[in-house]
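Read through the structure below, which is laid out as structure tokens, and then see the notes.
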Number of protein chains: 2
Amino acid sequence: MATGRTHRPASRSRGIPEATVARLPLYLRALTGLSERSVPTVSSEELAAAAGVNSAKLRKDFSYLGSYGTRGVGYDVEYLVYQISRELGLTQDWPVVIVGIGNLGAALANYGGFASRGFRVAALIDADPAMAGKPVAGIPVQHSDELEKIVSDNGVSIGVIATPAGAAQPVCDRLVAAGVTSILNFAPTVLTVPDGVDVRKVDLSIELQILAFHEQRKAGEEAAAAADGAHAAAAHRGDSAEQGPDGDVPAVMPA
Amino acid sequence: MATGRTHRPASRSRGIPEATVARLPLYLRALTGLSERSVPTVSSEELAAAAGVNSAKLRKDFSYLGSYGTRGVGYDVEYLVYQISRELGLTQDWPVVIVGIGNLGAALANYGGFASRGFRVAALIDADPAMAGKPVAGIPVQHSDELEKIVSDNGVSIGVIATPAGAAQPVCDRLVAAGVTSILNFAPTVLTVPDGVDVRKVDLSIELQILAFHEQRKAGEEAAAAADGAHAAAAHRGDSAEQGPDGDVPAVMPA
DNA sequence: ATGTCTTTGTGAACGCGTGCACAAAGATGG
DNA sequence: CCATCTTTGTGCACGCGTTCACAAAGACAT
């Protein structure tokens with residue numbers, strides 16, 4: 001319900017699928033590269049390869065935006081850059097605040113990808129009084145007390161939370177109360193926000209855990225050829241024998 | 001047939017859907033919190049709320065792992081923590097290397113979420129000779145020349161790339177050649193890897209761009225609601241005044 | 001034991017995203 | 001102007017993921 005809502009139920013806004021929106025930045029980056037190399041036009045096949053997706057998918061994605069290609073030729077790079085930028089809302093300047101200037105917050109403040117794409121770091125905010133005034137990435141850190149004033153004075157609608165987990169929800173609440181309606185959360189916590197506020201989560205350890213799963217599976221497949229010893233964990237499972245308990249064990253449970 | 005390893009059908013391993021795997025870390029985190037508070041059992045409804053998902057989805061996810069719940073009671077927290085950890089492969093210790101010790105790399109090295117979840121930072125690697133030997137998060141940075149030796153000596157199978165975009169692909173190639181089979185990529189580039197290597201991408205600016213899209217859409221809806229009858233004249237927002245909800249585009253087509 | 005109550009586990013329906021395959025559209029050359 | 005060639009745009013089918021709704025399973029009280 002109110003937690004981490006990422007999808008749009010009443011998405012009749014323009015009918016652009018969420019999956020497509022998530023790929024638009026990918027296309028935009030590839031197109032920017034082509035633009036810098038002064039490539040005039042690009043085919044769906046070439047652009048798809050540069051963006052790392054399927055060409056049919058790319059064409060379908062673009063079809064949601066309109067017919068911006070020329071059959072037999074391809075897409076005009078500059079025109080497409082403009083169209084996607086406009087669609088993503090990057091033709092305007094979005095002021096963002098970063099809350100929590102630890103290692104990660106500092107990394108974000110220094111990250112060049114923001115400024116170059118329509119985002120402007122309006123302020124850095126930290127709860128530690130010792131940080132106040134200290135410049136990070138050329139921007140002086142301000143104390144949390146100023147949060148509400150900063151948000152409203154700068155018309156900030158996008159906030160980035162890079163605080164420890166415990167501080168995330170209170171910071172989130174204050175941001176929302178001050179007028180922020182989109183939040184990028186790096187803290188390992190589930191944020192609860194009112195309706196109408198978008199939250200996206202980036203969780204470093206979750207990504208690693210997903211990799212570990214696949215890694216384990218790969219190791220298990222390899223071990224399929226080799227003999228495996230008995231494992232210790234005594235799983236007391238009620239019934240059935242169908243699915244093997246884990247990836248490296250045959251369906252038959254040795255007694 | 002045994003070597004047919006194309007994309008990620010993921011079906012044959014155990015039939016755990018990819019979407020479910022991606023949520024397991026979420027459940028695990030919620031369960032860990034309950035465990036620390038000595039909560040013995042939890043219902044699907046409670047756990048789902050803590051993890052920020054639908055309870056039906058959670059039950060279905062768990063059903064892929066087996067029948068670990070007790071009807072009328074719920075799930076045993078400790079038991080479930082163990083089962084999910086084992087499923088994700090977190091009962092073993094995964095050595096990881098972080099390549100590119102800039103702001104982001106340092107943040108990752110300091111991130112506590114790694115060590116606490118079965119991951120161990122085996123080494124920090126950077127191409128800058130001036131960084132060599134300098135300790136970050138208590139670990140001395142080593143020079144890129146040592147990459148292959150570090151990976152093979154430590155049996156590293158998971159690598160984290162936090163380099164600038166230009167260096168990402170070469171670093172990736174070297175990691176893979178040295179034996180790494182899972183890569184977490186923070187550089188804004190599409191990595192090309194051979195079959196059998198998993199890549200997950202975390203892209204900060206893409207997340208922001210997706211937020212900007214929704215933010216723009218929200219602003220457009222508000223404007224449409226305010227100026228009800230007429231098709232919204234996008235206020236003085238700097239961009240060209242044509243992003244009405246209907247989706248028609250200016251006829252100006254640069255050739 | 002029996003009945004009631006709670007909560008799981010899952011069959012089934014539905015919607016979304018993906019990829020195929022091809023017709024339409026336009027460029028290009030004769 | 002016509003034929004051919006290239007590339008887009010999309011109808012369609014399929015599979016995955018989500019959600020509903022409910023029967024089965026067990027706890028608990030009487």
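To find a chain, count down the sequence lines: A is the first, B the second, and so on, and within it residues start at 1. The figures that follow rest on heavy atoms only: side chains count, while hydrogens, waters and symmetry mates do not.
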Roughly how many Å is it from [atom1] in [X] to [atom2] in [N], rounded to a whole number?
X     : N      : atom1 : atom2 : value
A/L65 : D/dT10 : CG    : P     : 12 Å
B/L47 : C/dG9  : CG    : C1'   : 15 Å
B/E18 : D/dT18 : CD    : P     : 12 Å
B/D76 : D/dG26 : CG    : P     : 16 Å
B/K57 : C/dG9  : NZ    : C1'   : 17 Å

Any donor and acceptor pair, going by atom type alone, linking the side chain of [X] with main-chain N or O of [Y] inside 3.5 Å?
X      : Y      : result
A/K218 : B/G196 : yes
B/S43  : B/E46  : yes
A/N185 : A/T189 : yes

Between A/Y75 and A/Y68, ring centroids under 6.0 Å = no
message = Below the 4.0 Å mark, does D/dT10 have OP1 or OP2 next to a side-chain nitrogen or oxygen of A/K60?
response = no
ask   = Is a side-chain donor-acceptor pair under 3.5 Å present for A/S182 with A/D198?
value = no
query = Hey, are A/S205 and B/R29 close enough side-chain-wise for a donor-acceptor pair under 3.5 Å?
reply = yes
inquiry  = Generate the contact string for nucleotides 3-9 of chain D. Rules: B means base contact, S means sugar-phosphate contact only, - means no protein heavy atom under 4.0 Å.
reply    = ---BBBB
